[in-house]
Structure formats: structure tokens, C-alpha cells
Amino acid sequence: MAEAKRARAAPLHPYIPDEIFIWEILLRLPPKPLLRCRAVCRAWRRTISARDFLLAHHTRQPSLPLLYESDDTDDGGGYLDVMPLDRRAGVAAADQLHPLARFDTGGDFTHIEASCDGLLMLCTKETDWCLSDVAYYSVCNPATREYAPLPQLRGFCIAGMYPHPPTGEYRLLMCLDALLEHERHDAPEPDAEHHLYIYTLGSCEQPRDIGWPEAEAAIHTREPVLFRGALHWFIEKDCSESCMIMVFDTIAELFRQMRAPAVPSVADLFEMDEMLGMVSFIDGTATVDIWTAQDYDSEVWTFKYRVQLPAAELTLRFGFDKYNSKMVVSSRDDDADDLLILVKSGKWLLQIDRGGKLLASSHHESSLGITQFLLKQTLVQHTFFPTIEGYVVNDWPFFSPDDYAVET
């Protein structure tokens with residue numbers, strides 16, 4: 001707040017005190033309208049650009065389920081739309097799902113690999129001369145339209161992304177891509193092939209080997225949840241094993257395991273009302289079980305809901321196939337009990353509440369992807385971006401907002 005005060009000499013509004021106008025009005029604006037306000041005058045621009053104001057603004061942003069849509073273009077290229085789903089009270093149905101940003105993919109398969117504090121990691125897969133899929137990574141902020149390629153991460157797979165509060169850095173937890181590790185000029189020793197690595201965004205150093213081969217196999221196939229400063233993965237188990245969650249302490253850089261509810265199939269994790277939640281999609285049924293860690297420290301879980309999807313209705317209307325559909329669960333920031341089950345079945349996106357009622361459906365001709373990730377938009381300027389070679393703002397691979405249907 002002090003920085004924002006120093007940025008102005010006279011009141012910003014002639015009839016409203018600054019304490020109310022800045023911290024009760026401007027602070028509540030969504031990112032795009034707030035960016036427009038910077039064009040009013042220099043005093044508004046200085047205030048809105050102050051770091052303490054932007055940090056406070058980021059704190060107020062909702063954490064929205066993150067989807068993406070991709071397709072080819074007529075000129076042989078392609079695009080990727082980043083699409084948060086905003087179901088908050090007061091948001092019109094037509095405005096709940098629309099592109100926040102569009103990227104030019106050049107026709108290569110591109111998807112969202114990680115999300116953290118408004119930053120996205122994108123993965124683009126190209127086919128090389130020996131017909132192998134090569135993954136290239138980049139980091140972007142769709143709200144500020146900043147983008148930077150990360151070619152040094154070729155040959156790695158990203159297991160998770162997280163902030164590191166002691167340093168203010170953003171870091172990636174990674175493992176080696178088994179299909180490409182033989183091509184790296186700095187390939188690890190054989191006994192390090194299954195180690196985990198940490199890379200700091202903006203660093204010129206190579207990813208740092210932290211070991212933990214016993215954790216590598218358990219985490220790199222699933223999307224993690226960042227909760228209480230730690231990354232969490234549900235561990236796929238054999239029939240003879242109990243259900244466990246792998247936890248990575250991002251400060252100490254240590255792994256541990258915590259107990260999970262006994263479920264008959266694989267499960268996903270999510271955050272619900274400031275608690276760690278777990279959802280189990282029971283194989284061969286249209287049943288969804290939801291648990292919460294009522295006492296996280298003591299690893300005590302409580303069964304919360306059982307949702308029976310309206311399988312007959314979904315099959316008749318949308319060709320729903322419970323064996324070939326993807327589902328994710330999320331809860332609203334402003335109403336934790338308002339659970340939403342997102343179901344992608346064929347070209348349909350279905351929204352179902354915790355009572356099993358179909359709330360909405362939409363048909364998508366292009367390829368739609370749903371993720372476990374959340375997007376919490378930010379206008380905070382990160383110092384690592386300009387240090388990365390190839391960094392751009394409001395330039396390729398972003399499409400101009402005038403070229404597609406996004407409110408600007």
C-alpha cells in the first residue's frame with residue numbers, strides 16, 4: 001500500500017477518497033478492465049502499476065478451472081486458446097467460457113503442462129527427423145501477454161511448478177524424458193536416469209539434480225496439486241498396496257508420503273474450501289466419490305459426497321461413454337459447496353453439480369482439453385521474464401486480440 005501511495009500526489013478521483021477508490025473499487029476490477037484504466041492518466045497508471053497494488057489485486061482474483069481448445073487454421077497453421085471457466089455468481093452464462101489468450105502453434109500439438117500464480121507452462125510437440133515426438137517448453141502470462149521459450153528444458157518432462165517464497169523464484173520439478181535422454185549432450189550417468197531435477201525460471205544454469213529416484217516413477221504421470229506450499233500427487237497402486245499420496249516439500253526439497261482414503265480405482269486431488277480434496281471415479285460406473293482431509297496434519301480423511309452421474313441421460317443426448325470420457329472436479333472460491341464435475345465426452349463439455357444434475361452443455365468442433373489446473377490471473381511483473389532469450393510482450397506467438405473473439 002505504501003508504494004501505491006508514493007506513486008500519486010493528488011487524489012485519483014475528485015469525489016472519492018483514494019483509500020476507497022483504489023483499495024475498494026480499482027482493486028475489484030478484473031485484469032482487462034484494470035489495464036484499460038492505466039490509459040486514463042499518468043497518475044492512474046503509476047498507481048495501478050505499483051507492485052503492492054498488483055500483488056493485492058492478484059490475491060483477489062478467483063482460481064478458475066483451466067481448459068484449452070486447439071485447432072488447425074486454413075493456412076496450414078494452428079492455434080491454442082487458453083480458456084478459464086468462470087462460474088461465479090453474477091457472471092452471465094455466455095461469458096463463463098471464452099478465450100483469455102490465443103497462441104499460434106504453427107500446426108504442432110500444444111497443450112498446457114503446468115499452471116501457477118497466473119503463469120502457464122506450455123508444451124509443444126514436434127516430430128523430428130527420426131519421427132520421434134520432441135517436446136519444447138515455454139512460459140507465459142496470458143494476462144500480461146508475456147512469453148518466453150525455454151529450449152534448455154528439451155529432454156525433460158515437467159512434474160510440477162511452484163513458487164519458492166524464500167527467494168521469490170518460480171521453479172520447475174522435472175524428470176528426464178526416457179525417449180530423449182540419449183540425445184542430450186549432457187546426458188546423466190546411468191544411475192541418475194531416474195532422478196528428479198529442479199530448474200529456476202530465468203536461470204542460466206542447467207537443471208539441478210536432487211536425486212529421489214524412488215519418487216520419480218510415482219509422480220511424473222499425473223498432474224499435481226499445490227497445497228500448503230507442497231506439491232501433492234495421488235500414487236497409482238497395485239491391488240496389494242494401500243492408497244498413498246506423494247508430497248514434495250518445495251522449501252526443504254524433500255519427499256514424504258501421506259495416507260489417502262482406500263478407493264477402488266485411481267483418484268485425482270484438488271483444493272476445496274482450503275482443504276485438500278480427493279475425487280475417485282469408480283471404474284465401470286457413473287459414480288464419483290469425493291473426500292476431504294479434515295485434519296491434514298494427522299492425515300484424517302472424511303467422506304464428503306457420492307455423486308451419481310445421470311448416465312442414461314448423458315448417453316442418450318451426448319453419446320456419453322464412461323470408459324472414454326475425462327472428468328475433473330473443482331469448487332468455487334466463493335462457494336465451496338458448489339462443486340462442479342466437468343466431463344469431456346467426445347466433442348461435448350458437460351457441467352454437472354454435486355447432486356448429479358446437468359447444469360450446462362456445449363459442443364466444440366475443435367479439440368477441447370480439460371485439466372486439473374486452476375488459473376489465478378496476475379498482472380504482477382516477474383523479473384525473470386526479461387532475462388530469458390526470446391522473451392516477447394504482446395507479440396508472436398500471441399494472436400492479436402482483434403483476430404479472434406475476445407473482449408479487449
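We count residues from 1, following the sequence as given.
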Minimum-distance pair of heavy atoms, taken over all atoms of Leu276 and Phe227: N-CZ, 3.6 Å
How many angstroms lie between CD in Gln61 and CG in Asp117, if you round to the nearest 0.5 Å? 12.0 Å
Classify the angle between the aromatic ring planes of Phe255 and Phe248 as parallel (below 30°), tilted (30 to 60°) or perpendicular (above 60°). tilted
Distance-only side-chain donor-acceptor flag, His363 / Ser361, under 3.5 Å: no
May I ask you to decide if Arg46's main-chain N or O and Ser49's side chain share a donor-acceptor pair within less than 3.5 Å? no
In terms of side-chain heavy atoms, does Glu205 have a donor or acceptor partner in Ser203 at a distance below 3.5 Å? no
How close do Arg259 and Trp301 get, heavy atom to heavy atom, and via which atoms? O-NE1, 2.9 Å
Quick check, are the ring centers of Tyr391 and Tyr147 under 6.0 angstrom apart? no
All heavy atoms of Leu26 vs all of Leu34, minimum pair found to be O-CD1, 3.7 Å
Backbone of Gln377 reached by a side-chain donor or acceptor of His58 within 3.5 Å: yes
Any sub-3.5 Å donor-acceptor pair from Thr250's side-chain atoms to Gly229's backbone N or O? yes
Pairing donors with acceptors under 3.5 angstrom, does anything connect the side chains of Gln152 and Tyr199? yes
Are the side chain of Ser115 and the backbone of Leu374 linked by a donor-acceptor contact shorter than 3.5 Å? yes
Taking NZ, NE, NH1 and NH2 as the nitrogens, is one of them in Arg208 or Glu253 under 4.0 Å from a carboxylate oxygen of the other? yes
Verify the distance criterion only: is there a donor paired with an acceptor across the side chains of Asp108 and Thr105 at less than 3.5 Å? no
Side-chain donor-acceptor contact under 3.5 Å, Asp104 with Tyr79: no
Looking only at heavy atoms, what is the nearest atom pair of Ser331 and Met272, with distance? OG-CA, 3.6 Å
Is the shortest distance from a Lys or Arg side-chain nitrogen in Lys326 or Asp268 to a carboxylate oxygen in the other one below 4.0 Å? no
Do we see a donor-acceptor contact under 3.5 Å between the side chains of Glu216 and His195? no
Measure the acute angle between the ring planes of Tyr296 and His232, then classify it against the limits of 30° and 60° as parallel, tilted or perpendicular. perpendicular
Trp396 and Phe103 aromatic centres sub-6.0 Å: no
Can any side-chain N or O of Asp18 pair as donor or acceptor with the backbone N or O of Leu12 at less than 3.5 Å? yes
Of all heavy-atom pairs linking Tyr170 and His382, the shortest is CE1-CE1, 3.5 Å
Heavy-atom pair of closest approach, residues Ser345 and Gly319: OG-O, 3.9 Å
Taking atom types as modelled, is there a side-chain donor on Thr292 or Gln294 under 3.5 Å from an acceptor on the other? yes
Does the pair Asp273 and Lys304 meet the rule for a salt bridge (charged side-chain N to carboxylate O under 4.0 Å, His left out), with working shown? CA-CA 12 Å; Asp273 194 22; Lys304 194 77 172 176; over 6 Å; no
The test is side-chain hydrogen bond (donor to acceptor under 3.5 Å, both in side chains); show your working for Glu69 and His364 and say whether it passes. CA-CA 9 Å; Glu69 197 169 47; His364 301 259; 2.8 Å; yes
